[in-house]
Amino acid sequence: MSTVMKSASPATADPLMIDGVAYQSRLLVGTGKYKDMEETRLAIEASGAEIVTVAIRRTNIGQSKDEPSLLDVLPPNQYTYLPNTAGCYTAEDAVRTCRLARELLDGHNLVKLEVLGDEKTLFPDIVQTLSAAETLIADGFKVMVYTNDDPIIAKRLEDMGCAAVMPLAAPIGSGLGIRNPYNILTIVENAGVPILVDAGVGCASDSAIAMELGCDGVLMNTAIAGAKEPVLMASAMKKAIEAGRESFLAGRISKKRFASASSPLDGTFF
Amino acid sequence: MELIINGKTEQLPDEINATRLIEHLGLQNERLAIEVNREIVPRSTFDTHCFKSGDRIEIVRAIGGGAR
């Protein structure tokens with residue numbers, strides 16, 4: 001007797017949809033903090049990510065042009081670039097950054113908005129974030145927005161027209177994992193747009209937990225780039241995201257205080 | 001004339017346009033975007049956009065970055 005797989009693997013049957021575009025990978029990665037371009041390339045390949053964040057910074061004038069550029073290592077026709085506004089502390093700077101990015105990437109209008117509040121926590125400045133999101137959406141941008149784990153603000157950002165809402169798990173680069181799983185769960189339950197955990201995961205199990213809470217994806221950088229073996233961690237994260245997603249879709253058993261036997265009691269001979 | 005390019009004051013010939021400025025800086029093979037006094041200069045207007053003395057110009061590119 002043969003059995004037929006009921007469906008294709010979840011990776012192909014269950015795409016991440018962002019603004020009408022289907023992505024097979026639910027892991028989005030940053031491209032900063034790697035030792036060199038080769039390590040960047042290898043880690044991002046191992047992660048399986050299709051969407052990669054990039055920063056917009058001043059061109060080096062009068063310096064060596066021999067070093068390979070990010071665009072050589074990660075060709076924009078193979079990866080979806082997600083310019084981010086990392087380092088911006090005002091709505092105005094974030095909007096300028098996005099407009100420059102759109103010009104740089106030939107009209108590509110998917111951006112990651114993050115407006116930071118202070119250097120110690122890198123928590124988002126929500127007042128500035130809301131203001132920038134409003135301007136960017138009116139200007140035709142598709143905004144994936146970094147925010148805190150506040151369900152009220154997450155819903156507000158969705159209602160404004162953000163393409164995805166990305167609450168932090170913990171402070172950027174902290175590796176503390178999901179500090180407030182019940183808030184993340186509430187955000188997911190309320191949401192009509194993709195919810196991605198952005199920032200704060202430290203290891204593969206953190207990513208799996210995010211996915212088991214029902215998040216649509218996870219965006220990370222430091223957890224991979226800062227690992228002792230970034231390429232190996234990238235591979236671990238890929239598997240954790242897939243496993244967490246399948247676990248979420250499969251529907252876990254409820255927790256019970258006492259045991260429940262797996263073997264039938266009928267037919268015992270002792 | 002004097003232009004402020006990426007925060008540094010530079011002396012450049014009068015009437016220089018964006019295309020010539022990029023060549024002058026040796027950036028003609030780079031993927032970049034330009035802002036003048038906080039306004040984007042679209043690539044399609046590089047040949048015709050002439051700078052004025054005192055313009056503050058930002059020339060940017062995409063580099064590796066995540067959450068900072």
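If you're wondering where the values come from, they're calculated on a predicted model, not measured in any experiment. Just so it is clear, the values below take in all heavy atoms, side chains as well, and ignore hydrogens, waters and symmetry mates. Proteins come first, then strands; the chains are lettered A, B, ... in the order of their sequence lines, and each starts at number 1.
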Which residues pass the ring pair (Phe, Tyr, Trp, His ring centres under 6.0 Å) test with His108(A), sequence neighbours left out?
none

Flag the one option from Met37(A), Met220(A), Arg99(A) with the top tally of heavy-atom pairs under 4.5 Å to chain B.
Arg99(A)

Heavy-atom check, side chain of Asn148(A) versus side chain of Ile126(A), under 4.5 Å:
yes

Between Ile40(B) and chain A, which part of the residue has a heavy atom less than 4.5 Å away: side chain, backbone, both or neither?
side chain

Is a donor on one side and an acceptor on the other found under 3.5 Å between the side chain of Thr59(A) and the backbone of Ile61(A)?
no

SB check Glu23(B) Arg20(B) (cutoff 4.0 Å):
no

Between Thr222(A) and Lys33(A), is any side-chain donor less than 3.5 angstrom from a side-chain acceptor?
yes

With a 4.5 angstrom heavy-atom cut-off, which part of Leu70(A) approaches chain B: side chain, backbone, both or neither?
side chain

Chain A contacts, top residue of Glu58(B), Arg38(B), Glu39(B) (heavy-atom pairs, under 4.5 Å)
Arg38(B)

Tell me, side chain or backbone of Leu105(A) under 4.5 Å from chain B's heavy atoms, or both, or neither?
both

Please classify the contact between Ile56(A) and chain B as side chain, backbone, both or neither, with a heavy-atom cut-off of under 4.5 Å.
both

